[in-house]
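Letters go in sequence order (proteins before strands), and every chain restarts at 1.
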Number of protein chains: 2
Amino acid sequence: MLNERVAAVARRLRERGYRFTPQRMAIVQAILESRNHPSAEEIYRQVSAVFPMISLATVYKTLEVLKDIGEIAELSVGGRTRYDGNPQPHIHLVCERCHSVTDWGGDMVSIPEEVLAASGFRSRYFHLEVHGLCPRCQAESRTEDDGA
Amino acid sequence: MLNERVAAVARRLRERGYRFTPQRMAIVQAILESRNHPSAEEIYRQVSAVFPMISLATVYKTLEVLKDIGEIAELSVGGRTRYDGNPQPHIHLVCERCHSVTDWGGDMVSIPEEVLAASGFRSRYFHLEVHGLCPRCQAESRTEDDGA
DNA sequence: CTGTGTGCAAATTATTTGCAACCCT
DNA sequence: AGGGTTGCAAATAATTTGCACACAG
């Protein structure tokens with residue numbers, strides 16, 4: 001449930017000495033409700049519907065705080081910075097055509113273990129991105145090929 | 001050998017109707033010689049040593065061309081855009097402390113196959129980033145803990 | 001010649017910072 | 001009162017674009 005996540009974020013914010021303001025609630029909800037790994041700008045537009053006076057600076061500052069407490073993750077995909085309401089490592093399917101970023105719910109793979117064993121690198125987390133065409137864009141490509 | 005790679009890039013550029021200019025050669029060399037997955041700015045500084053008159057705009061334009069012909073890859077790691085002279089998929093070890101990006105030479109894993117089977121996504125390539133501490137920064141952390 | 005490439009300067013875009021007013025505790 | 005928070009405006013960074021000149025094919 002989204003409300004549980006929101007409540008969890010609120011709790012964590014307060015634990016860490018931050019406040020949970022209406023603006024922050026709206027920002028958290030915008031991120032969690034979006035299927036799209038939204039950019040700061042997109043979050044801003046979304047939240048503006050509820051708080052017309054909110055500023056982009058507030059959005060950025062809040063994103064910084066949410067990253068700090070580990071409740072969201074920052075992604076940079078194709079030069080665009082985006083935010084992910086799920087801070088757990090998982091796989092992202094990145095569509096090269098429509099630029100959608102979809103989560104893959106399957107088990108996270110354990111490859112890094114072997115990588116790290118040999119490299120001397122100490123891993124904290126990893127991020128696997130698969131680039132290609134999402135099902136929708138595959139369909140559109142086919143349609144276009146037929147049509148044109 | 002680096003010269004072979006440079007020659008290959010030159011060939012590919014011409015095949016695609018682009019010219020291979022001294023500036024472009026210097027840019028390609030700067031990328032290939034760097035162990036560091038350099039940013040545009042870093043490439044610019046490096047090339048400036050040889051061509052003091054080169055402009056950042058030229059660097060950006062050339063990077064665009066090199067991406068277009070598939071001879072380099074663009075990376076965005078922690079909000080910074082960087083360039084990789086190896087366009088083949090491979091693993092990047094990203095140090096959270098010194099921000100170095102190291103290639104991991106091991107076999108590229110085959111996980112994505114299973115991911116794709118179920119998702120309907122058609123993959124072109126994937127990118128695995130492992131975040132953590134490189135061996136050098138691990139050592140420094142230990143030293144600091146002892147010292148301070 | 002003709003078109004591509006280069007360098008400069010200006011324009012955009014994205015993100016950060018300084019600061020005064022505000023609100024919660 | 002005190003400290004975190006907000007919104008605005010200005011400052012920074014990063015990247016792109018327009019344009020005139022240079023140069024290669």
I'd like to check Leu66(A) versus Val28(A) (side-chain heavy atoms, cut-off strictly below 4.5 Å). Are they in contact?
yes
Under a 4.0 Å heavy-atom criterion, the protein footprint on nucleotides 17-25 of chain D, written with B, S and -, is BB-----B-
Does Thr62(A) have a side-chain nitrogen or oxygen under 4.0 Å from the phosphate oxygens OP1 or OP2 of dT5(D)?
no
Whether the side chain of Gln138(B) engages the backbone of Leu133(B) through a donor-acceptor N/O pair (distance < 3.5 Å, no angle test) should be reported.
yes
Test side-chain contact (heavy atoms from CB on, under 4.5 Å) on Leu63(B) and Ile43(B) and set out the steps.
CA-CA 10 Å; Leu63(B) 291 171; Ile43(B) 294 166; 4.0 Å; yes
What is the distance from CD1 of Ile69(A) to C1' of dG4(D), rounded to the nearest Å?
14 Å
For Glu42(A) and dT13(C), give me the distance from atom CD to atom P, rounded to whole Å.
15 Å
Spacing of Phe20(B) atom CZ relative to dG5(C) atom C1', expressed in whole Å
14 Å
Please determine whether a side-chain nitrogen or oxygen atom of Thr21(B) lies at a distance below 4.0 Å from atom OP1 or OP2 of dG5(C).
no
Check Arg5(B) with Glu71(B), please: is the shortest side-chain N to carboxylate O separation under 4.0 Å?
yes
Give Arg16(A) one of three labels, base, sugar-phosphate or nothing, depending on what nucleic acid heavy atoms sit under 4.0 Å from its own.
nothing
Just to confirm, is there a sub-4.0 Å distance from OP1 or OP2 of dA13(D) to any side-chain nitrogen or oxygen of Arg80(B)?
no
Measure from the side-chain N and O atoms of Ser76(B) to the backbone N and O of Ser76(A), and report whether any donor-acceptor pair falls under 3.5 Å.
yes
Distance check needed: dT15(D) P versus Ile43(B) CD1, whole Å only.
10 Å
Could you state the atom-to-atom distance from CG of Leu66(B) to P of dG5(C) in whole Å?
11 Å
For dG4(D), does OP1 or OP2 lie under 4.0 Å from any side-chain N or O of Arg24(A)?
no
Under 4.0 Å between a side-chain N or O of Ser55(B) and OP1 or OP2 of dC8(C)?
no
Return whichever of Glu41(B) or Met53(A) has its heavy-atom-nearest nucleotide of DNA chain D closer to the 5' end.
Met53(A)
Whole-Å distance between dT15(C) P and Tyr44(A) OH?
14 Å
Per the salt bridge (Lys or Arg N to Asp or Glu O under 4.0 Å) rule, what does the pair list look like for residues 44-57 of chain B, sequence neighbours excluded?
Glu41(B)-Arg45(B)
Taking for each residue the nucleotide of DNA chain C bearing the nearest heavy atom, is the 5' side occupied by Leu56(A) or by Val65(B)?
Val65(B)
For Ser39(A), report the nucleic acid contact type (base, sugar-phosphate, nothing); a contact means any heavy atom under 4.0 Å.
nothing
Let me know the distance between CG of Leu63(A) and P of dT5(D), rounded to the nearest Å.
14 Å
What pairs of residues pass the ring pair (Phe, Tyr, Trp, His ring centres under 6.0 Å) test when at least one of them lies in residues 20-53 of chain A, not counting sequence neighbours?
His37(A)-His92(A)
Can you check the Gln23(A) CD to dC24(C) C1' distance for me, whole Å?
13 Å
